[in-house]
Amino acid sequence: MTAHVLDVRDGAACTALVDSLVAEHGPPLWVVASAGIVEPGFFLEQDAAATLAQMEINFLGTTNLVRAAAPSMVAAGRGHIAMVASAAGLFGVAGYAGYCASKFAVRGFAEALRIELAAAGVSVTVSVPPDTDTPQLAYERPLRPAAIAPFAGSGRSLPPQVVAAHLVRTAERGGFLSAPTAQLAAIARMQGLASGIFARVQMRLLRRSKP
Ligand SMILES: NC(=O)C1=CN([C@@H]2O[C@H](COP(=O)(O)OP(=O)(O)OC[C@H]3O[C@@H](n4cnc5c(N)ncnc54)[C@H](OP(=O)(O)O)[C@@H]3O)[C@@H](O)[C@H]2O)C=CC1
Ligand SMILES: CCCCCCCCCCCCCCCC(=O)[C@@H](N)CO
């Protein structure tokens with residue numbers, strides 16, 4: 001296993017790294033966009049830099065990686081694109097307005113991209129986990145507004161391995177939302193009804209228009 005370091009805000013760096021990896025190894029079977037940050041705090045008490053940083057890394061960073069990797073996967077006709085959003089990308093959580101926006105953005109992007117790539121055989125899956133035991137959660141907990149902690153911190157936090165394994169399983173069976181707890185899965189199912197129908201309608205249109 002090898003690791004390479006880059007800033008996902010740098011689209012050119014994402015393209016250069018992915019291009020060199022594709023040249024060496026061929027198109028990826030898996031791409032996981034997980035880089036993210038959280039800056040908790042009530043919106044009116046936060047500066048614009050926090051909103052910007054969360055959008056740039058969580059949302060635009062995700063699109064930079066996908067833009068770099070997807071063309072070779074489409075050409076290969078296979079592969080899984082997985083993105084890590086959040087339960088805060090399913091519903092609003094006070095104290096997380098900018099974070100929620102960035103994660104809703106990831107989910108909206110993925111929902112549309114999934115339709116666009118379906119005929120090419122490339123799957124798109126989004127993880128919407130609750131609190132997960134990582135350094136980010138340790139950073140976030142003391143900054144989470146106390147008034148919202150009874151809701152935002154209501155569930156037990158999951159081990160990252162559980163979240164990751166659920167995402168892989170969901171992608172492998174062609175599912176869209178990976179909601180790794182029963183409650184979140186129920187919420188995702190309720191909310192996704194219309195999106196699921198609209199996706200099928202659009203996939204049919206795209207398949208028909210293919211030369
Ligand atoms: N932990 C939680 O409770 C939850 C997390 N999530 C999401 O899961 C994803 C992973 O987070 P998690 O593992 O918890 O957090 P961590 O802080 O533990 O890890 C985040 C990773 O993102 C990287 N990263 C941050 N900024 C950039 C950047 N500009 N360019 C490249 N890499 C960057 C960090 O790299 P480095 O260390 O080098 O800065 C780090 O490896 C995030 O998108 C997060 O929002 C979703 C729901 C719950
Ligand atoms: C009837 C009530 C049912 C409620 C079920 C859902 C409860 C879970 C609330 C989840 C709050 C948001 C988690 C944000 C995780 C996250 O992205 C940050 N930890 C990032 O670091």
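Just so you know, ligand 1 is whichever comes first in the structure, and atom 1 is the first atom listed for that ligand. Given the structure is predicted, the values throughout are model-derived calculations rather than measurements.
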Chemist: Heavy atoms of the protein only: does one fall short of 4.0 Å from atom 8 (O) of ligand 1?
Modeler: yes
Chemist: Show me which atoms of ligand 1 lie under 4.0 Å from any heavy atom of Ser34.
Modeler: 9 (C), 10 (C), 42 (C), 43 (O)
Chemist: Quick one: does Val5 get a heavy atom under 4.0 Å from ligand 1?
Modeler: no
Chemist: With a cut-off of 4.0 Å, which atoms of ligand 1 are near a heavy atom of Leu6?
Modeler: 30 (N), 31 (C)
Chemist: For ligand 2, find each of its N or O atoms that sits under 3.5 Å from a protein N or O atom, and tabulate the pairs with distances to one decimal place.
Modeler:
unit_1, atom_1, unit_2, atom_2, d
ligand 2, 17 (O), Ser86, OG, 2.6
ligand 2, 17 (O), Tyr99, OH, 2.6
ligand 2, 19 (N), Asp131, OD1, 2.8
ligand 2, 19 (N), Glu140, OE1, 2.9
ligand 2, 19 (N), Glu140, OE2, 3.2
ligand 2, 21 (O), Gln136, NE2, 2.6
ligand 2, 21 (O), Glu140, OE1, 2.3

Chemist: Give a yes/no verdict on whether any heavy atom in Glu56 is under 4.0 Å from an atom of ligand 1.
Modeler: no
Chemist: Does an N or O anywhere in Asn58 fall below 3.5 Å from an N or O of ligand 1?
Modeler: no
Chemist: How far is atom 24 (N) of ligand 1 from its nearest protein heavy atom, and which residue and atom name does that atom have?
Modeler: Ala35 CB, 3.9 Å
Chemist: Would you say atom 39 (O) of ligand 1 touches the protein, meaning some protein heavy atom is under 4.0 Å from it?
Modeler: no
Chemist: Can you tell me how far the CD atom of Gln191 sits from the CZ atom of Arg107, to the nearest 0.5 Å?
Modeler: 5.5 Å
Chemist: What is the nearest protein non-hydrogen atom to atom 3 (O) of ligand 1, stated with its residue, atom name and distance?
Modeler: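 Looking only at protein heavy atoms, the one closest to atom 3 (O) of ligand 1 is Thr132 N, 2.9 Å.
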Chemist: May I ask you to check if ligand 1 and Ala87 share an N or O to N or O distance below 3.5 Å?
Modeler: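 So ligand 1 has no N or O lying under 3.5 Å from an N or O of Ala87.
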Chemist: Taking 4.0 Å as the limit for heavy-atom contacts, which would you say applies to Pro130 with ligand 1: side chain only, backbone only, both, or neither?
Modeler: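 Just the backbone.
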Chemist: Between Gln54 and Leu52, is the side chain to side chain contact (heavy atoms under 4.5 Å, CB included) condition met? List the steps.
Modeler: CA-CA 6 Å; Gln54 290 175 108; Leu52 182 65; over 6 Å; no
Chemist: Look at atom 13 (O) of ligand 1 and say whether a protein heavy atom is found at less than 4.0 angstrom from it.
Modeler: yes
Chemist: What I want to know is whether Ser86 and ligand 1 share at least one N or O pair that is separated by under 3.5 angstrom.
Modeler: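 So ligand 1 has no N or O lying under 3.5 Å from an N or O of Ser86.
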Chemist: Quick one: look up the protein heavy atom nearest atom 6 (N) of ligand 1 and list residue, atom name and how far away it is.
Modeler: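 Checking every protein heavy atom, the shortest distance to atom 6 (N) of ligand 1 gives Tyr99 OH, 3.6 Å.
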Chemist: Looking only at heavy atoms of Pro129, does any of them come nearer than 4.0 Å to an atom of ligand 1?
Modeler: yes
Chemist: For atom 34 (C) of ligand 1, state whether the nearest protein heavy atom is under 4.0 Å away.
Modeler: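 Given the 4.0 Å limit, the answer for atom 34 (C) of ligand 1 is no, no protein heavy atom qualifies.
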Chemist: For atom 30 (N) of ligand 1, grab the closest protein heavy atom and report residue, atom and distance to one decimal in Å.
Modeler: Val8 N, 2.9 Å
Chemist: Among all protein heavy atoms in this structure, tell me which lies nearest to atom 29 (N) of ligand 1, with the distance rounded to 0.1 Å.
Modeler: Asp7 OD1, 2.9 Å
Chemist: Are Leu113 and Leu65 connected into the same hydrophobic cluster when the rule is that any two of I, L, V, M, F, W, Y join if their side-chain heavy atoms are below 4.5 Å apart?
Modeler: yes
Chemist: Heavy-atom contacts under 4.0 Å between Ile57 and ligand 1: side chain, backbone, both, or neither?
Modeler: side chain
Chemist: Can you list the atoms of ligand 1 that are under 4.0 Å from a heavy atom of Gly36?
Modeler: 20 (C), 22 (O), 25 (C), 42 (C), 43 (O)
Chemist: For Phe91, I'd like to know if atom CZ has over 12 heavy atoms of other residues, nucleotides or ligands within 6.0 Å.
Modeler: yes
Chemist: Passes side chain to side chain contact (heavy atoms under 4.5 Å, CB included), Val22 versus Val18? Steps please.
Modeler: CA-CA 6 Å; Val22 170; Val18 170; 4.0 Å; yes
Chemist: Which residue pairs satisfy the side-chain hydrogen bond (donor to acceptor under 3.5 Å, both in side chains) criterion with at least one member in residues 139-166, sequence neighbours excluded?
Modeler: Glu39-Tyr139, Tyr96-Glu140, Tyr96-Arg144, Asp131-Arg144, Asp133-Ser157, Glu140-Arg144, His166-Thr170, His166-Ser178
Chemist: Can you tell me the protein heavy atom closest to atom 18 (O) of ligand 1 and the distance?
Modeler: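 Answer for atom 18 (O) of ligand 1: Pro135 CD, 3.2 Å.
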Chemist: Can you tell me if Asn64 uses its side chain to pair, donor with acceptor, with the backbone of Val8 under 3.5 Å?
Modeler: yes
Chemist: What atoms of ligand 1 come closer than 4.0 angstrom to any heavy atom of Val84?
Modeler: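 Atoms satisfying the 4.0 Å criterion: 7 (C), 8 (O), 9 (C), 43 (O).
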Chemist: Using only atom types and a distance under 3.5 Å, with no angle test, would you say the side chain of Lys210 pairs donor to acceptor with the backbone of Ala120?
Modeler: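 It does not hold such a pair.
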Chemist: Among all protein heavy atoms, pick the one closest to atom 5 (C) of ligand 1 and tell me residue, atom and distance.
Modeler: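 The closest heavy atom on the protein side is Gln136 NE2, 3.5 Å.
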Chemist: Residue-level breakdown please: for Ala85 versus ligand 1, do any non-hydrogen atoms fall below 4.0 Å on the side chain, on the backbone, on both, or on neither?
Modeler: backbone
Chemist: Which residues satisfy the ring pair (Phe, Tyr, Trp, His ring centres under 6.0 Å) test with His80, sequence neighbours excluded?
Modeler: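 His80 satisfies ring pair (Phe, Tyr, Trp, His ring centres under 6.0 Å) with Trp30 once adjacent residues are dropped.
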Chemist: Answer yes or no: are there more than 12 heavy-atom neighbours, outside Phe42 itself, under 6.0 Å from its atom CZ?
Modeler: yes
Chemist: Output all residues satisfying side chain to side chain contact (heavy atoms under 4.5 Å, CB included) with Ala88, sequence neighbours left out; order by chain, then residue number.
Modeler: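 For Ala88, the residues satisfying side chain to side chain contact (heavy atoms under 4.5 Å, CB included) (neighbours in sequence not counted) are Ser86, Val93, Tyr99, Cys100.
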